[in-house]
Amino acid sequence: MSQPSVPVRTRFAPSPTGLLHVGGARTALFNWIYARKHAGTFVLRIEDTDHSRNTEEAKKVITDGLHWLGLDWDEGPLKGGSYGPYYQSERTAIYEEYLGRLEKGGHLYEDNGAIRFRSPREKVVLQDEICGRIEFDLTNPGTHPDITLRRPDGSWIFHFVNVVDDIEMKITHVIRGEDHLSNTPKHIELYKALGAEPPRFAHMPLILNRDGSKMSKRDEGAALGTYPEAGYAPEAVRNYLCLLGWSPKDNREMISMSDVIALFELNQVNRRNAAFDLAKCFWLNGQYLMQMDLARYTELAIPFLEKAGITWPTYESLEQVLAIVKPKLKLLKELPEWVAPFFTEELSYDEAAVAKSLKGSDQGATAASRLKALSEAFKALTTWDVASLEAALKETAAKLGAKTGELVHPARVASSGRSVGPGLYEMLEVLGKERTLSRFATGEAKALG
RNA sequence: GACCCUAUCGUCCAGUGGCCUAGGACACUCCCCUUUCACGGGAGUAACACGGGUUCGAAUCCCGUUAGGGUCGCCA
């Protein structure tokens, strides 16, 4: 790895549109990774030159999204820094000054009240960190018109303020989407006219839909804000995003951020557009959830349970339940229905499950008698744990000449109201003897009724 | 239309001239495990866009075609 001699400074410069696109999130992620790798600085700058709508809320979408992904910025909104302000709307004086410089250099002219930059009309060579060497021929004004810097009403155009801010904020590496690739030679002309050394550029491929079409805001998975509420763990989404256009090259799918930071190189980033595959993100989420330590899992779970109105007596009791439920689901959103049976006295029964496992088609009496036998066996237990529950159930099954499953299914439905759930013995252990027996009694009545 | 980028299984990646009858993962199908649902294990379907070169040898290099994407705003 070649260590840059100047301290690395990268930036993420979104405009507050009201949502953070996954493509933008990945751009932020790669900028963050690169800065962390080189012990550099990651700057967040809000490009709000042209927005009148709900900006506070829209800015919050960005900062919330980055926070959620764990991408902490070193300078920017809510944080400050010595190159601020970090909102373009507050940097007018700086832009005026830079415009003055261009004016003095004779680079500007007025066009119907707007201010334009007179291109030097040369060939511009870009040595892109990802795309390699690209030569642009800007000699023809017909195909490459002069860019506008400022509108007649005094507001600023993206190309100009973007370049000025990158100069002012001493950005060394501009890592952004490939949609800016064709704009880059114009930006380079601006740097030169301002007597500034252009930064290194790295243009990342875009993220498209599965069918190759452009991913618009409304496509599933496009807005980062939908992930937290759907029950994705930020570490899983972050991991998935790393794998979109980059690879650790050893066939790993799950990779820690510290490993990504250690292995990441800009010139290893793919040049090909990537299609977004929510199914893989979903799978990765399941992997993360399964392997996550209980404390972290509980932390992520609590908001979902609170939102569903579920309450629990103690943190320990909650952890007990989450521990047996944790290996089962892939989306935190599903948690309430799995957890509810443990923290409610009024069980809601799944009718289909009751019909199938308790009433059966013509074996209602059988299910009831089995539950009764099981209740008696359990009542006699002096220790209430997975091992003794399993032993007692199997013993009872043998006595009745029934298959294990023929006791398990009624027991499951009677104790939880559902046909799916954690392992039966784990579930009963956590439920406790008293509640188990009373639910069995209710189950018996239901089977007969 | 002009300019720019790209082109390996349906999808994400590996592959940087011989180790490739192309590897991993997701998804899908089947089997095993199993008290449900998951997990896990095993097997399978499935790709170098096409055409020319270069080379003893090409998925890998070059050219062309085709296809996809991007840019060409007084949007960012």
Side-chain angles (χ1 to χ4, degrees), chain A residues 13-17 24 46-51 88 111-116 126 128 130-132 134-138 140 142-145 147-159 161-162 176-186 203 205-214 240 243-254 270-284 286-287 289-291 325-330 334 338 353 356-357 390 393-394 397 403-413 416 418-425 427:
Chain A
S15 75
T17 58
I46 307 293
E47 307 218 331
D48 58 348
T49 54
D50 189 45
H51 290 270
Q88 286 187 332
D111 176 18
N112 289 333
I115 297 176
R116 285 178 179 269
L126 164 65
D128 193 89
I130 294 172
C131 301
I134 305 169
E135 190 176 307
F136 296 88
D137 184 353
L138 303 194
N140 182 353
T143 56
H144 297 87
I147 56 172
T148 303
L149 271 33
R150 190 178 206 179
R151 300 182 191 90
D153 70 358
S155 57
W156 305 98
I157 302 298
F158 160 76
H159 301 290
V161 294
N162 183 267
R176 55 170 30 161
E178 200 193 84
D179 48 338
H180 288 298
L181 188 57
S182 299
N183 292 148
T184 304
K186 298 169 192 166
H203 288 92
L206 270 19
I207 298 180
L208 310 175
N209 286 316
R210 280 290 302 267
D211 64 3
S213 65
K214 191 178 175 180
Y240 176 71
L243 264 24
L244 226 42
W246 179 81
S247 160
K249 298 192 187 294
D250 54 9
N251 288 336
R252 255 190 289 191
E253 307 298 328
M254 285 182 88
N270 243 265
R271 298 193 195 182
R272 189 190 172 195
N273 288 163
F276 188 83
D277 186 5
L278 196 57
K280 184 149 183 178
C281 187
F282 174 76
W283 169 79
L284 212 40
Q287 296 291 309
L289 255 24
M290 208 162 44
Q291 296 176 27
V325 149
K326 178 170 163 284
K328 300 290 182 173
L329 16 151
K330 292 184 172 177
E334 300 162 3
W338 284 68
K356 189 177 180 207
S357 299
E390 180 168 3
L393 184 138
K394 288 192 167 155
K403 283 190 260 180
T404 310
E406 291 172 325
L407 287 195
V408 167
H409 297 300
R412 175 184 298 289
V413 176
S416 70
R418 310 176 62 214
S419 60
V420 299
L424 179 70
Y425 312 119
M427 184 158 74

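Within every chain, numbering begins at 1; the chains are lettered A, B, ... in the order of the sequence lines, protein sequences first and strands thereafter.
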Ignoring the backbone of [X], work out which of [options] is nearest its side chain.
{"X": "A:Trp283", "options": "B:G69, B:C39, B:A25", "result": "B:A25"}
{"X": "A:Ala279", "options": "B:G70, B:C4, B:C26", "result": "B:C26"}
{"X": "A:Arg271", "options": "B:C39, B:C74, B:U6", "result": "B:U6"}
{"X": "A:Lys328", "options": "B:G69, B:A38, B:U35", "result": "B:A38"}
{"X": "A:Val408", "options": "B:U35, B:C72, B:A38", "result": "B:U35"}
{"X": "A:Leu206", "options": "B:C39, B:U35, B:G69", "result": "B:G69"}
{"X": "A:Arg151", "options": "B:C39, B:C74, B:G69", "result": "B:C74"}

So [X], base contact, sugar-phosphate only, or nothing? Heavy-atom distance under 4.0 Å.
{"X": "A:Asn183", "value": "base"}
{"X": "A:Leu181", "value": "sugar-phosphate"}
{"X": "A:His180", "value": "base"}

Both A:Ile147 and A:Ser182 contact RNA chain B. Taking the nearest nucleotide for each, which residue is further toward the 5' end?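 In this pair, the answer is A:Ser182.
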Residue mapping more 5' on RNA chain B - nearest nucleotide basis, A:Ile134 or A:His159: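 Counting from the 5' end, the first nearest nucleotide belongs to A:Ile134.
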[N] to [M] separation - [atom1] atoms, rounded to the nearest Å:
{"N": "B:C63", "M": "B:A7", "atom1": "P", "value": "13 Å"}
{"N": "B:U54", "M": "B:A58", "atom1": "C1'", "value": "10 Å"}
{"N": "B:C9", "M": "B:A47", "atom1": "C1'", "value": "4 Å"}
{"N": "B:C48", "M": "B:C61", "atom1": "C1'", "value": "15 Å"}
{"N": "B:U6", "M": "B:A43", "atom1": "P", "value": "38 Å"}
{"N": "B:G44", "M": "B:A22", "atom1": "P", "value": "13 Å"}

Side-chain N or O of [X] versus OP1/OP2 of [N]: is the shortest distance under 4.0 Å?
{"X": "A:Ser357", "N": "B:U36", "answer": "no"}
{"X": "A:Arg116", "N": "B:C74", "answer": "yes"}
{"X": "A:Lys214", "N": "B:G68", "answer": "no"}

Please give the nucleotide sitting opposite [N] as a Watson-Crick or G-U wobble pair, both distances under 3.5 Å, or none.
{"N": "B:U36", "answer": "none"}
{"N": "B:A7", "answer": "B:U66"}
{"N": "B:A2", "answer": "B:U71"}
{"N": "B:C30", "answer": "B:G42"}

Any A:His159 side-chain heavy atom under 4.5 Å of A:Leu149 side chain: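 The answer is no, as the side chains (C-beta and beyond) never meet within the 4.5 Å cut-off.
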Give the C-alpha distance, both sets of side-chain angles, the deciding distance and a yes or no for side chain to side chain contact (heavy atoms under 4.5 Å, CB included) between A:Arg271 and A:Ile130. CA-CA 7 Å; A:Arg271 298 193 195 182; A:Ile130 294 172; 4.3 Å; yes
Let me have a per-nucleotide readout for nucleotides 9-16 of chain B, 5' to 3', with B, S or -, counting only protein heavy atoms under 4.0 Å. -BBBSSS-
Does this structure show an ion pair linking A:Glu334 with A:Lys328, if we count only N-O contacts that are shorter than 4.0 Å?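 Result for this pair is no, no salt bridge flagged.
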Could one point to a donor on the side chain of A:Lys356 or the base of B:U36 with an acceptor on the other under 3.5 Å away?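 Absent.
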Quick check on B:C39: syn or anti? Syn means the glycosidic torsion is within 90 degrees of zero.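 For B:C39, whose glycosidic angle is within 90° of 0, the conformation is syn.
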A:Gln88: which residues meet the side-chain hydrogen bond (donor to acceptor under 3.5 Å, both in side chains) condition with it, sequence neighbours left out?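 Checked A:Gln88 against side-chain hydrogen bond (donor to acceptor under 3.5 Å, both in side chains); matches are A:Glu47, A:Asp165.
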